[in-house]
Amino acid sequence: MNEYDSNRIYDLTSTIGFKKTDIKSEANCFVLNTCHIRKKAAEKVYDEVGRIKKSFRSLKKPLIIIAGCVAQAESEEMIKREPYIDIVIGPQSYHKITDLILSYERKNKKIIETEFDVVKKFDELEKVYNSENKVSSYLTIQEGCDKFCHFCVVPYTRGPEYSRPFKQIINEAEKLVKNGTKEIILLGQNVNAYNSFENGKNYKLSSLIKRINEIQNLKRIRFTTSHPKDMTEDLIECYKICNKLMPFLHLPIQSGSNKILKSMNRKHNKEYYISIIEKLKDINQNIKISSDFIVGYPGELEKDFIETIDLIKKIGFINSYSFIFSPRPGTPASEKKLNNLQISEQRLKKMQDLLESLQYKNNKNYQNKICKVLIENKLNNQEKYFGRTENMTPVILEADECKIGEIIDVEVNSFNKKNLFGLRKLNKERAA
Ligand code: SF4
């Protein structure tokens with residue numbers, strides 16, 4: 001989501017003459033769009049500001065803007081801790097960035113803007129050209145969260161659930177495709193909680209997918225990140241009826257222990273999660289699943305951890321994110337007694353070894369087979385291209401010539417745990 005927001009921040013600032021530069025010393029403004037999901041991420045922001053400060057010691061001070069969830073959570077504390085920062089702007093107020101920059105330039109006075117103004121934000125963003133022209137583009141459809149998992153800061157930093165109007169999203173999707181996008185990834189903190197009432201009609205994520213599926217020249221649709229509770233029948237049905245919806249789903253479970261899921265306030269249990277996967281597999285055996293896991297959540301015993309390991313083996317996730325529990329200030333879980341760090345580290349290692357072996361096994365299954373790859377870009381100075389399979393697996397392939405944005409057949413001849421490697425299969429090219 002930060003990638004989407006960063007691009008929109010650029011679009012906004014370009015209306016007052018700002019341009020991107022790769023030459024750091026030439027920049028007169030830095031916008032750090034931040035994430036607050038883990039403590040380390042917040043500390044990285046201060047480290048980065050420190051590095052900018054150091055490299056500009058003998059140069060004119062650039063304007064320093066901190067955007068995103070760290071800005072929302074730490075607000076004026078940021079300027080107190082690091083006075084080199086000039087503007088702090090939360091994720092639901094970044095549509096005001098140009099006004100804030102101009103105001104700062106006029107008054108030379110530090111600014112903090114952390115209002116939850118999400119409706120206004122998307123109305124304002126709609127007026128500004130979306131310059132995104134990547135083959136695979138993100139499109140935010142929903143923000144915020146009402147679930148309040150006990151470990152998570154999102155409901156506090158992004159605010160309550162908000163769904164953008166259906167027509168606004170379709171317009172943006174059509175513009176992206178006109179700009180050259182071939183794959184749209186619908187985004188939301190709780191993307192499948194999308195729910196918009198307009199003119200007496202109720203639009204859900206399934207309504208959006210069905211409508212976006214009709215856009216000519218668009219080849220692939222994905223969505224992330226979903227909550228198991230909102231994997232409704234109509235959404236599952238989309239995997240059957242929408243040919244552009246890719247057979248891959250990132251569906252975080254966090255733990256395989258019902259006791260821990262309850263303590264996390266996840267509002268689903270392991271059995272329910274498994275039933276969703278079974279329904280998806282009934283539609284398409286080849287659908288692949290990835291997930292998120294928190295290791296060492298307060299109260300996690302060895303038997304809870306083993307239940308998680310068993311679940312991972314049962315589902316066979318193809319890639320997943322796993323972290324040791326990181327207490328975030330202000331969340332209920334941050335008040336609980338921490339687990340022994342050494343034990344958590346051992347468990348994380350065990351889990352990551354298992355997840356990697358499953359990823360390796362998945363990639364091995366592609367060996368000597370042909371898969372459909374959407375070409376996203378050419379690798380620098382090489383006759384090699386980068387793309388992804390329908391299941392999101394990265395592919396590096398050799399070909400004399402490929403068009404960025406086309407879907408081609410690739411014969412996989414080797415692999416490692418992260419990537420597949422192969423050659424374009426010209427004689428077996430299929431219509432994309
Ligand atoms: S559903 Fe996701 S975003 Fe919402 S509180 Fe839970 S982890 Fe955070």
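Just follow the structure's listing: the first ligand is 1, and inside any ligand the first atom is 1.
- When only non-hydrogen protein atoms are considered, atom 8 (Fe) of ligand 1 lies nearest to Cys152 SG, 2.3 Å.
- Heavy atoms of Pro252 found under 4.0 angstrom from ligand 1: none, in either backbone or side chain.
- Not one N, O or S atom of His227 sits under 2.8 Å from atom 4 (Fe) of ligand 1.
- By the 4.0 Å N-to-carboxylate-O rule, Lys270 lies close enough to Glu307 to be salt-bridged with it.
- For ligand 1, the atoms lying closer than 4.0 Å to a non-hydrogen atom of Asn190 are 1 (S), 4 (Fe).
- The protein non-hydrogen atom at the shortest distance from atom 6 (Fe) of ligand 1 is Cys149 SG, 2.3 Å.
- For the atom pair Ile9 CD1 and Thr98 OG1, the distance stands at 11.5 Å (nearest 0.5 Å).
- A distance below 6.0 Å separates the ring centres of Phe30 and Phe56.
- Neither the backbone nor the side chain of Thr225 comes within contact range of ligand 1; no heavy atom lies under 4.0 Å.
- Taking a cut-off of under 4.0 Å to the non-hydrogen atoms of Phe148, the atoms of ligand 1 that pass are 5 (S).
- Of all the heavy atoms of Phe151, the ones lying under 4.0 Å from any atom of ligand 1 belong exclusively to the side chain.
- Ion pairing between a basic and an acidic side chain is recognised when a charged N comes within 4.0 Å of a carboxylate O; Arg8 and Asp11 show such pairing.
- Ranking protein heavy atoms by distance to atom 4 (Fe) of ligand 1, first place goes to Cys145 SG, 2.2 Å.
- For Tyr360 and Phe415, the ring centers sit closer than 6.0 Å to each other.
- With a 6.0 Å cutoff to the six-membered ring centre and a 45° limit on the axis angle, Lys61 counts as a cation-pi contact of Tyr84.
- Taking every non-hydrogen atom of Pro155 and a distance limit under 4.0 Å, the qualifying atoms of ligand 1 come out as 5 (S).
- For ligand 1, the atoms closer than 4.0 angstrom to any heavy atom of Val154 are 3 (S).
- In this structure, Tyr203 and Phe166 have parallel ring planes: the angle between them is below the 30° cut-off, well short of the 60° mark.
- Look at Arg266 and you'll find a heavy atom under 4.0 Å from some atom of ligand 1.
- Ring centroid separation for the pair Tyr239 and Phe248 does not come in under the 6.0 Å cut-off.
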